[in-house]
Amino acid sequence: MPPLAAQQYETTKMIHLKTDEEIEILRENNILVSRALAEVGRNIRPGVTTRELDKIAEDFIRANGAEPVFLGYEGYPASACISVNEQVVHGIPSDRVIEEGDIVSVDLGTLLKGFVGDSAYTFAVGQVSEEAKRLLAVTKEALYKGTAQAKAGNRVGDISAAVQEYVESFGYGVVRELEGHGLGREMHEAPGVPNFGARGRGPLLKEGMVICIEPMITMGSRAVVFERDGWTVRTRDRKPAAHFEFAVAIRRNGPDVLTDFNIIEQALNN
């Protein structure tokens, strides 16, 4: 889950380095999030409501011994953020019915053993347009390109620039108002991880940092609107948006991805 505003993270805010043992608890959380996303993905189909998907997510998380960390966070009223088509992030589950051709971003979080998991995946419902397929593919690839830069000695700007350069080469928009973040005992820790920026700039990446990298990409203009419900962010031009998110531990020899998209994609292919 990205914070409500990118300005939340001051450069002076302390960055908490994690021990190997803490990183393994964070991995346990994010594997559980991956499994919960897979369970939701199995049930995304025309006719289901986003509220029903939220219940599936909450039940699965609780059945596996964790708490849904989004529920009640700064007053958020649900366990999942479910954002459909033009909704970028923070869509509140409701009686909205999923339709053939929709793209549905699901962002989930867990609290287990004192640490937090946080990851997101955008699902295609049935036969989606070729334009939507390309948006999903580019957004996911941008996540991988950003993640490749998440290694000790690099800077946050190396991640940001990798995402921005790839996405903008396709003419897509990079949302500026929301960003990735550090992850640990709190869902939103320093440093902030924007999806735009310059290489060699920003906080230094150190071994033991854990961050969430989460491109939020629009098919058209990057301009967004914050809806009156206080949470939902949508594209101003109402063109679709996509959102994928990894939790990543910074290691000396490269990124250690704590989220497992293979769990999700195997579930969708069964």
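Bear in mind the structure is a predicted one, so any value in this text is a computation, not a measurement. These numbers come from the heavy atoms of this one structure, side chains and all, not from hydrogens, waters or symmetry mates.
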Exercise for the section: Supply the members, apart from I263, of the Ile/Leu/Val/Met/Phe/Trp/Tyr cluster built from side-chain contacts under 4.5 Å; use none for a lone residue. Expected result: I31
Exercise for the section: For the pair E189 and K18, find out whether any cationic side-chain nitrogen is under 4.0 Å from an anionic carboxylate oxygen. Expected result: yes
Practice task
Decide yes or no for K206 and I250: does some side-chain heavy atom of the first lie under 4.5 Å from some side-chain heavy atom of the second?
Solution key: no
Exercise for the section: Give a yes or no on whether Y73 and V69 share a hydrophobic cluster (residues Ile, Leu, Val, Met, Phe, Trp, Tyr; joining criterion: side-chain heavy atoms under 4.5 Å apart). Expected result: yes
Practice task
Taking the side chain as every heavy atom from C-beta outward, state whether H243 and P215 have any atom pair closer than 4.5 Å.
Solution key: no
Exercise for the section: Nearest 0.5 Å please: distance from the CG atom of L37 over to the CG atom of L268. Expected result: 10.0 Å
Problem - Under 3.5 Å donor-acceptor, D118 side chain and G109 backbone - result: no
Practice task
Check whether any side-chain N or O of H181 sits under 3.5 Å from a backbone N or O of M187 as a donor-acceptor pair, and report yes or no.
Solution key: yes
Exercise for the section: Look at the rings of F246 and F261 and say which category their plane angle falls in: under 30° parallel, 30 to 60° tilted, over 60° perpendicular. Expected result: tilted
Problem - Shortest non-hydrogen contact from G146 toward V163 - result: CA-CG2, 3.9 Å
Problem - Side-chain heavy atoms of V48 within contact of V97, under 4.5 Å - result: no
Problem - Between CG on residue L183 and CE on residue M1, distance to nearest 0.5 Å - result: 12.5 Å
Problem - L108 with F244, same ILVMFWY side-chain cluster at under 4.5 Å - result: yes
Handout entry: Check: E265 main-chain N/O paired with N269 side-chain donor or acceptor under 3.5 Å
Key = yes
Problem - Other residues, nucleotides, ligands: >12 heavy atoms within 6.0 Å of K140 NZ - result: yes
Fill in the blank from the handout: To the nearest 0.5 Å, atom CG of L32 lies from atom CG of D260 at 12.5 Å
Problem - Distance, nearest 0.5 Å, that separates CD of E52 from CD1 of I82 - result: 10.5 Å
Exercise for the section: Working to the nearest 0.5 Å, report the span between CG of N64 and CZ of R35. Expected result: 4.5 Å
Practice task
List the steps and the verdict of side-chain contact (heavy atoms from CB on, under 4.5 Å) for V224 and R236.
Solution key: CA-CA 5 Å; V224 296; R236 184 176 295 171; over 6 Å; no
Problem - Y76 side chain reached by L71 side chain, heavy atoms, under 4.5 Å - result: no
Problem - Heavy-atom side-chain proximity of T49 to S94 below 4.5 angstrom - result: no
Exercise for the section: Work out which heavy atom in H188 is nearest to a heavy atom in P2; give both atom names and the distance. Expected result: NE2-C, 3.7 Å
Handout entry: Side-chain donor/acceptor of T139 to backbone N/O of L136, under 3.5 Å
Key = no
Practice task
Please check if the side chain of D102 supplies one atom and the backbone of E99 the other of a donor-acceptor pair under 3.5 Å.
Solution key: yes
Exercise for the section: Please determine if R134 and E131 form a salt bridge, counting it only when a charged side-chain N lies under 4.0 Å from a carboxylate O. Expected result: no
Practice task
Indicate if I213 and L17 have the same hydrophobic cluster label, given that clusters are the connected sets of ILVMFWY residues with side-chain heavy-atom separations under 4.5 angstrom.
Solution key: yes
Practice task
Could you please spell out the steps behind the side-chain contact (heavy atoms from CB on, under 4.5 Å) verdict for E177 and V233?
Solution key: CA-CA 10 Å; E177 291 81 359; V233 181; over 6 Å; no
Exercise for the section: Report the C-alpha separation of I98 and T50 in whole Å, then their side-chain angles, then the decisive distance to 0.1 Å, and conclude whether the side-chain contact (heavy atoms from CB on, under 4.5 Å) test is met. Expected result: CA-CA 7 Å; I98 300 298; T50 57; 3.8 Å; yes
Completion exercise
Here the ring pair (Phe, Tyr, Trp, His ring centres under 6.0 Å) pairs for residues 43-67, sequence neighbours left out, are none
Practice task
With the side chain counted from C-beta on, respond yes when L258 and I23 share a heavy-atom pair under 4.5 Å apart, and no when they do not.
Solution key: yes
Exercise for the section: May I ask you to decide whether R251 forms a salt bridge with D20, counting only side-chain N to carboxylate O separations under 4.0 Å? Expected result: yes
Fill in the blank from the handout: Correct closest heavy-atom pair for A78 and D54 would be CB-OD1, 3.6 Å
Handout entry: Closest approach of L205 to Q149 (non-hydrogen atoms, all atoms of both residues)
Key = CD1-O, 3.8 Å
Practice task
Would you confirm whether the ring centroid of F70 sits within less than 6.0 angstrom of the ring centroid of H90?
Solution key: no
Exercise for the section: Inspect the contact between E22 and K113 and indicate whether a charged nitrogen and a carboxylate oxygen are less than 4.0 angstrom apart. Expected result: no
Practice task
Verify side-chain contact (heavy atoms from CB on, under 4.5 Å) between Y172 and R222, making sure each step is shown before the conclusion.
Solution key: CA-CA 8 Å; Y172 294 145; R222 65 177 174 84; over 6 Å; no
Problem - T259 (side chain) donor-acceptor with S119 (main chain) under 3.5 angstrom - result: no
Fill in the blank from the handout: Heavy-atom nearest pair, N30 first then V116, reads ND2-O, 4.1 Å
Practice task
Give a yes or no on whether a salt bridge exists between E24 and R27, defined as a side-chain N under 4.0 angstrom from a carboxylate O.
Solution key: yes
Problem - Sub-4.5 Å side-chain heavy-atom contact between I217 and L135 - result: yes
Practice task
Give me the ring orientation class for Y121 and F123: parallel if the planes are under 30° apart, tilted from 30 to 60°, perpendicular past 60°.
Solution key: tilted
Exercise for the section: Spell out, yes or no, whether V248 and I264 are grouped together once hydrophobic residues are joined by side-chain heavy atoms under 4.5 Å, including indirect joins. Expected result: yes
Fill in the blank from the handout: On a heavy-atom basis, the closest approach of L112 and G65 is CD1-O, 3.4 Å
Problem - Salt-bridge present (E141, K145; N to O < 4.0 Å) - result: yes
Handout entry: Donor-acceptor contact present, side-chain D158 to main-chain R155, <3.5 Å
Key = yes
Distance-only donor-acceptor pairs under 3.5 Å for side chains of residues 191-202, two or more places apart:
unit_1 : atom_1 : unit_2 : atom_2 : d
N195   : ND2    : E214   : O      : 3.1
R199   : NE     : E165   : OE2    : 3.4
R199   : NH2    : E165   : OE1    : 2.8

Exercise for the section: Check whether Y144 and I159 end up in the same hydrophobic cluster, where Ile, Leu, Val, Met, Phe, Trp and Tyr are linked by side-chain heavy atoms less than 4.5 Å apart. Expected result: yes
Practice task
Flag the pair E227 and R234 as a salt bridge only when some basic side-chain nitrogen lies within less than 4.0 angstrom of an acidic carboxylate oxygen.
Solution key: yes
Handout entry: Presence of salt bridge, E58 and R62, under 4.0 angstrom
Key = yes
Handout entry: Side chain proximity check, L53 to V106, heavy atoms < 4.5 angstrom
Key = no
Problem - N/O donor-acceptor pair under 3.5 Å between Q87 side chain and T232 backbone - result: no
Practice task
Under the side-chain hydrogen bond (donor to acceptor under 3.5 Å, both in side chains) rule, what do S83 and S105 come out as? Steps first, then yes or no, please.
Solution key: CA-CA 5 Å; S83 308; S105 169; 4.9 Å; no
Practice task
Would you please say whether a donor-acceptor pair under 3.5 Å links the side chains of N29 and T110?
Solution key: yes
Exercise for the section: Give a yes or no on whether E186 atom CD has more than 12 heavy-atom contacts from other residues, nucleotides or ligands under 6.0 Å away. Expected result: no
